[in-house]
Protein chains: 2
Amino acid sequence: MRLADLDEEAVLARLLPVLLHDEAPGVPVGPGDDAAVVEAPSGSVVATTDSMVLGVDWRDDWSSPQDVGHKLVVQNVADVAAMGARPTGLLLALSADPDTPVDWVLGLAEGVAAAAHESATPVLGGDLSGAAAGSVVLAMTVLGDLGGRAPVRRSGARVGDVVAVCGTLGRSGAGLRLYLDAELAAAADREAPEAAHRLRSSHRRPHCPWQSGAEAARAGASAMLDVSDGLVRDAGRLARASGVSVDLDGDALRAETHGDLLDVLGADAALREVLGGGEEHALLACFAGASRLPTTGAPWRVVGRVVERSGAPVLLDGVPHEVAGWDHFAG
Amino acid sequence: MRLADLDEEAVLARLLPVLLHDEAPGVPVGPGDDAAVVEAPSGSVVATTDSMVLGVDWRDDWSSPQDVGHKLVVQNVADVAAMGARPTGLLLALSADPDTPVDWVLGLAEGVAAAAHESATPVLGGDLSGAAAGSVVLAMTVLGDLGGRAPVRRSGARVGDVVAVCGTLGRSGAGLRLYLDAELAAAADREAPEAAHRLRSSHRRPHCPWQSGAEAARAGASAMLDVSDGLVRDAGRLARASGVSVDLDGDALRAETHGDLLDVLGADAALREVLGGGEEHALLACFAGASRLPTTGAPWRVVGRVVERSGAPVLLDGVPHEVAGWDHFAG
């Protein structure tokens, strides 16, 4: 059955039970009215929006609809967490070719609901729309609450701060390489099949330690963002916004390769993914000293330090470092 | 020049100056970080999301990019106003075929910025993404603040209430008819060219008296929504949500046809557009009596009353009334 075989109300009648929980604390008005109402106990609200597009951000032969829904939530929740906030609600706009199978949309809703549940983020509302042949576009907005704390911006890093990460690095990028490089994949599936499986899974369903965002804020993080386009690229953004440079520690980053990355890619390629792999959604933050890292929740590891602004925003063991980035239009 | 000819940062460098005002009161963190922060002085936030899709919601041969941006803001702001809130910020996700002209995107941003300025809604952030060939999808989220009042839901109408509208009816629908019906358009352009021009313009750039939403809430409106899919269909939603029926007053609705609608369509077709025309974004609300209508701002007119639930959710002069609705997938 395709979307075109049902009217909008019939589609919603199937979708909403998947997306909504009976209990949505902090949501005085949920979906079904002109707009939702969600509590903003701090008197301010954090808001971010991020999209996924079929053929650009996922391929149906790699990712199940559940994977897609999961990833969409995680990448938006990561942006809220990276301000030091906890997520309070999400809205989803789905525009789809009317030939899209209803089961695909229900699978997407299952993935959204599962990831929303994991991050304690109620579904507030959404929009359903037809789209051109072959087109499926998902746009999500996630709101968050700062719990009375100041937002942790990209621009607050100070010379002398340590730079630390929470969550994994390079795993999503390594998984993407396994999808793109048949020769690499064949070797990995022969020699380290379980590691290869886990890396592919990390690409389809990245993980953000979202609770660690608020923990970093409470611990006094001076600057934070989430690693969405690769450690070097995102550290560069933080460095430019703060008017500093970030000097990454090669030994610390090589330690991040241990396990699946090293087993599947070997040392050099594993380090390249740790430095450049995107869509990971680890948190990258600066603290006044190593003793200031949060000690509860997911572990934070020091991977560098903030130094005076030099020629390059990012150094590796004191040497300017650049990686090619990802561009949505120029590819 | 097309999007594909620029990298993402170069596109943003052109877009952001169009979208952002120097002064954005109530926005501690604007675009450029992982997420924005906007004040929510009431301790809660109203949130809605609505999309527009090329070929479904607009045609480039009818609508300029400025028109599209304007309409996208208005339809989202109307949903916030219909809860009795004032808009506090918006986020825009744009997914576009890389062959989309950069000038089209800048025109869109101009329309968004102008309509955002008219409704005092700062731009909080957005997302830019590539999309399939021929596909342009816009998803907007608008946030709002209730000023300490309870939200005005669809479900609060009480038997004996008057039903009133603020803003115009049928004009956007009439404009759409002029675009679709060449014979009608030729006659109108001959006999009432200025009226026809204004109706087409109302379709491309609908108007919502957004400030009247909060005024209705202050005046004690028991239920409210905005007319997005036609008066009868939307009144039916309000009636069903409230467990009542709405009896519309034919004489009052005929009075709504006076002027351009009557001049272009004649009496019968004009009344049909008043009853069924969508994308108008007038506000429809219920009040305990005609003396309770807001007396400041855009005028409210009584167009019916709330009666005991009967066989049909909407009556016209006591007789059950239905109009065909619009469906996003089945067409």
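Below, read A as the first sequence line, B as the second, and so on, with proteins coming before strands; counting in each chain starts at 1.
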Undergrad: Most heavy-atom pairs under 4.5 angstrom with chain A, which of B:D5, B:L124, B:V29?
TA: B:V29
Undergrad: So, does A:S242 use its side chain to make a donor-acceptor pair with the main chain of A:R154 at under 3.5 Å?
TA: yes
Undergrad: Rounded to the nearest 0.5 Å, how far does CG of B:L94 lie from CG of B:L72?
TA: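 Answer rounded to 0.5 Å: 10.0 Å.
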Undergrad: Counting only non-hydrogen atoms closer than 4.5 Å, does B:L146 touch chain A with its backbone (N, CA, C, O), its side chain (CB onward), both, or neither?
TA: side chain
Undergrad: In Å, rounded to the nearest 0.5 Å, how long is the span from CG of A:L283 to CG of A:D234?
TA: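 So the CG of A:L283 and the CG of A:D234 are separated by 11.0 Å.
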Undergrad: Checking A:S129 side chain against B:V53 main chain: does a donor-acceptor pair fall under 3.5 Å?
TA: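 Side chain of A:S129 to backbone of B:V53: no pair is present.
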Undergrad: Find the one option among A:G126, A:A139, A:G134 whose heavy-atom pairs under 4.5 Å with chain B are most numerous.
TA: A:G126
Undergrad: Of the backbone (N, CA, C, O) and the side chain (C-beta and beyond), which part of B:S51 lies under 4.5 Å from a heavy atom of chain A, both, or neither?
TA: both
Undergrad: Relative to chain B, which of A:V142, A:V37, A:L92 shows the most heavy atom pairs under 4.5 Å?
TA: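 The candidate making the most pairs under 4.5 Å is A:V37.
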Undergrad: Among B:A241, B:S135, B:A47, B:P151, which residue forms the greatest number of heavy-atom pairs with chain A at distances under 4.5 Å?
TA: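 The option with the most such pairs is B:A47.
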Undergrad: Report which part of A:M140 has an atom under 4.5 Å of a heavy atom belonging to chain B: side chain, backbone, both, or neither.
TA: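 Neither part.
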Undergrad: Counting only heavy atoms closer than 4.5 Å, note whether A:V46 contacts chain B via side chain, backbone, both or neither.
TA: both
Undergrad: Are the side chain of B:S155 and the backbone N or O of B:R153 linked by a donor-acceptor pair below 3.5 Å?
TA: no
Undergrad: Could you tell me whether the side chain of A:D34 and the main chain of B:D226 form a donor-acceptor pair under 3.5 Å?
TA: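 Indeed, once roles are kept as given, a pair shorter than 3.5 Å links the two residues.
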Undergrad: Please identify, among B:D33, B:T49, B:D79, the residue contributing the most non-hydrogen atom pairs under 4.5 Å to chain A.
TA: B:D33
Undergrad: Just wondering, are more than 12 heavy atoms of other shown residues or ligands nearer than 6.0 Å to CZ in B:R14?
TA: no
Undergrad: Go through the atoms of B:V45 and report whether side chain, backbone, both or neither lie under 4.5 Å from a heavy atom of chain A.
TA: both
Undergrad: Check this for me: does any side-chain nitrogen of one of B:R237 and B:D229 sit under 4.0 Å from a carboxylate oxygen of the other?
TA: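 Salt bridge present between B:R237 and B:D229.
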Undergrad: What part of B:M52 gets closer than 4.5 Å to chain A, counting heavy atoms only: side chain, backbone, both or neither?
TA: neither
Undergrad: By a 4.5 Å heavy-atom criterion (distance strictly below it), what part of B:P31 contacts chain A: side chain, backbone, both, or neither?
TA: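 Contact with chain A: none, neither part.
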Undergrad: Just give me the residue among A:M83, A:R2, A:M224 that pairs up with chain B most often, heavy atom to heavy atom, under 4.5 Å.
TA: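 Looking at each option in turn, the highest pair count goes to A:M83.
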Undergrad: If we define contacts as heavy-atom pairs under 4.5 Å, which of A:A36, A:A82, A:A132 has the most with chain B?
TA: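 Between A:A36, A:A82, A:A132, the count favours A:A36.
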Undergrad: Is a side-chain donor or acceptor of A:R59 paired with a backbone partner of A:L54 at a separation under 3.5 angstrom?
TA: no
Undergrad: What residue, out of A:G125, A:S95, A:P28, has the most heavy-atom pairs lying under 4.5 Å from chain B?
TA: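 Highest number of pairs under 4.5 Å: A:S95.
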Undergrad: Verify the distance criterion only: is there a donor paired with an acceptor across the side chains of B:S44 and B:S42 at less than 3.5 Å?
TA: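 B:S44 vs B:S42: no donor-acceptor pair found between side chains.
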